[in-house]
Amino acid sequence: METKPEKSLNFIHEIIEEDNKTGKFGNRVHTRFPPEPNGYLHIGHAKSICLNFGTAEKYNGLCNLRFDDTNPVKEDVEYVDSIKEDVHWLGFDWQGREFYASDYFETLYGYAELLIKKGKAYVCALSIDDIGKFRGTVTHAGQESPYRNRTVDENLDLFRRMRAGEFADGAMVLRAKIDMAHPNMLMRDPILYRILHAEHHRTGDKWCIYPMYDFAHGQCDSIEHITHSICTLEFEVHRVLYDWFVKELEIYAPQQIEFARLNLTYTVMSKRKLLELVQGGHVKGWDDPRMPTICGLRRRGFTPGSIRNFADIIGVAKRNNVIDVSLLEHCLREDLNKKALRKLAVLNPLKLVIENFPEDEVEEMDAVNNPEDPETGMRKVPFSKYLYIDEEDFMENPPSKFFRLSPGNEVRLKYAYIIKCTDVIKDDNGKITEIHCTYDPETRSGLPQSNRKVKGTIHWVSAKHAIEAEVRLYEQLFLKENPEEVEEGEDFKANMNPNSLQIKNCFCEASLKEVKSGEKFQFERQGYFCVDPDSTSERPVFNRTVTLKESKAKTQK
RNA sequence: UGUCCUGUGGUGUAAUUGGCAACACGUCUGAUUUUGGUUCAGAAGAGUUCAGGUUCGAGCCCUGACAGGACAACCA
């Protein structure tokens, strides 16, 4: 019997299966995730991580973690540490195959000399501006550098002296000798090495010349015997250059495959812009829960599984895309719904007095921990005469479709009694300060009378037993689906949502007193919340990860 | 006025490689529900950028337009 694949293959896996059929790489699948350690990873990287590690997993292959650290002035160990943490957190392991472009500096240097000896590279002393000018434009050919025809010996000597530190930064560069009229700008004698007297986070001051990304990336893949070098679309035009290097150097040739990077509605994804948000103080840091960074999402309360599932669902293709953030939220809720323990918490407290309930009596109510997972059992929550309910759950003059509490109407208190509103107390300004109700003792949850139909069920917390906590409610960071859509003269920051963070004091059930940073809960009827590291034993802090899905009827007041 | 890449419901991804467009999210109904959540049932929404061509038959092949994206850092 034939086993049919449940899901159709994405175009990359199709290529791989074809390669496996033809034996192109000896049925090997070896990918890599190659970040530059110059910033924090974001959800776009997560797509790439899932693709690279996931592909290796799928085909019983390997996936390396390789840091593209060819620019010492921008890179730092802080970033390599965070990247490793994030990849692990997502659930992937490189099994010790942690490599660095800087591991190959000596080999790369050798490649450069080889090119010089073949007459395919030369040392150019044109200024940075002149190199730009000589390059021509996208529609017009460039012109050749006056240094282009130096002898091999001269080039070799100069290049060795570059390495030896005889020249100042920017004095000269090593260039490939290809074609200054090539329609692809990258082929117009690209720079291979530049002089940079800078301390490298791994090699220290061993080098004062560093390879350019283009001269490093493809060869690093080659050195590691990567079979499929999966990268984003903007490197499509670089592929001919990489192929040129591989051919001239006569080294192992990986196959580069480009895919479209992830874009999400209501967010920005470029490292530069994220950095701007951090440095401009628009958010509290890289791990601000509003950031699309992996660490931000983690702090917000996302689960690795939900992100992996998301990456799987969005698929991989070559056309530019913008994924609706609601899909990400859907994956999140789907995961959290199954796992998060339910709790009662009141975000906008409104006092409620049950007039016919004995003054000092406390009843212990049975509450379900997670209806999606019976294994999690039950817990007790205290009930008393004085409660808090949520402001939104009461309306003095409700529309017909309002299911919650209003004067003269009944509502069920979750896990407790059916109550009826008898009175509304207001202050001098007419603001409602207190609701008075009566309860029906026959309707306690579990009793036969509790099955009586009422329109709605609301959550509550006993005033005397509740603990206080801080909640941080988040909305999208930007008001427009596409934050780049701005008036002339403005930039994406003009679209920032002034209400993306709202901090509140809330009352929650006492069992939330002892919580650990990172723990996730569902506050019933409100959303999923995650314990923030800012929590203290005195005062827990909860981040609202995402609201529950809300029907229109509930949202409209 | 160059090169390369890409055009399928609102969004994303499919379509057994030429056989009358499917799945998911979103939207909207209805049922169930002690979460206006979950679950369940159902609906609307594209005729595949356009125009030609090949073919009994084209989203898939060919030609030509058009549209969008990428590329001119001693960044990656």
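These numbers were taken from a predicted model, which means no experiment stands behind them.
- Applying the 3.5 Å distance criterion, the base of B/U8 shares a donor-acceptor pair with the side chain of A/Arg319.
- For the pair A/Thr443 (side chain) and A/Asp440 (backbone), a donor-acceptor distance under 3.5 Å is present.
- With no hydrogens or angles considered, no side-chain donor-acceptor pair links A/Glu75 and A/Tyr100 at under 3.5 Å.
- Summarising the geometry, the separation between CG on A/Leu9 and P on B/U16 is reported as 12 Å, rounded to the nearest angstrom.
- Where A/Arg239 and A/His140 each meet RNA chain B at their nearest nucleotide, the meeting point lying more 5' is that of A/His140.
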Just do the side-chain hydrogen bond (donor to acceptor under 3.5 Å, both in side chains) check on A/Asp86 and A/Tyr40 with the steps written out, would you?
CA-CA 9 Å; A/Asp86 289 349; A/Tyr40 285 77; over 6 Å; no
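- With rounding to whole Å, A/Glu329 atom CD is found 15 Å from B/G37 atom C1'.
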A/Phe245 vs A/Tyr111, ring-ring contact (aromatic ring centres under 6.0 Å, His included): CA-CA, chis, key distance, verdict
CA-CA 9 Å; A/Phe245 288 138; A/Tyr111 288 160; 9.5 Å; no
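- Spacing of C1' atoms, B/C60 relative to B/U16, comes out at 13 Å, to the nearest Å.
- Straight-line distance from the CG atom of A/Asn309 to the C1' atom of B/U13: 14 Å, rounded to whole Å.
- Counted by atom type alone, A/Asp129 and A/Ser127 present zero donor-acceptor pairs between their side chains at under 3.5 Å.
- Residues passing the side-chain contact (heavy atoms from CB on, under 4.5 Å) test with A/Asp366, sequence neighbours excluded: A/Met378, A/Lys380.
- A salt bridge links A/Asp221 and A/Arg66; the closest N-O separation between the charged side-chain nitrogens and carboxylate oxygens is under 4.0 Å.
- Residues A/Ile313 and A/Cys331 share a closest heavy-atom pair of CD1-SG, 4.0 Å.
- Contact annotation for A/Val454: no contact, since no heavy-atom pair falls under 4.0 Å across all strands.
- Under the side-chain contact (heavy atoms from CB on, under 4.5 Å) criterion, A/Ala141 pairs with A/Ala181, not counting sequence neighbours.
- Under the rule for a side-chain contact (heavy atoms from CB on, under 4.5 Å), the partners of A/Asp312 that lie at least two apart in sequence or sit in another chain are A/Lys7.
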Dot-bracket for RNA chain B, 5' to 3', Watson-Crick and G-U pairs with both distances under 3.5 Å, [ ] for crossing pairs, | for partner on another strand, reads .((((((..((((.....[..)))).(((((.......))))).....(((((..]....))))))))))).....
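- Remark: C1' of B/U11 and OH of A/Tyr266 are 12 Å apart, rounded to the nearest angstrom.
- A/His197 places no side-chain N or O within 3.5 Å of a backbone atom of A/Ala168 that could act as its donor or acceptor partner.
- A side-chain contact (heavy atoms from CB on, under 4.5 Å) with A/Phe33 is found for one member of A/Ile230, A/Asn64, A/Leu41 and no other, namely A/Leu41.
- Here A/Val368 lies out of heavy-atom contact (under 4.0 Å) with every strand.
- B/U1 and B/G12 have their P atoms separated by 34 Å, given to the nearest Å.
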Base, backbone or nothing for each nucleotide of nucleotides 66-76 of chain B, written B, S, -, heavy atoms under 4.0 angstrom, 5' to 3'?
---SSBBSBSB
Using a cut-off of 4.0 Å between protein heavy atoms and nucleotide atoms, how would you tag nucleotides 29-36 of chain B 5' to 3' with B, S and -?
----SBBB
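- Glycosidic conformation of B/U17: syn, with the torsion inside 90° of 0.
- In this structure, NZ of A/Lys339 is placed 18 Å from C1' of B/G37, rounded to the nearest angstrom.
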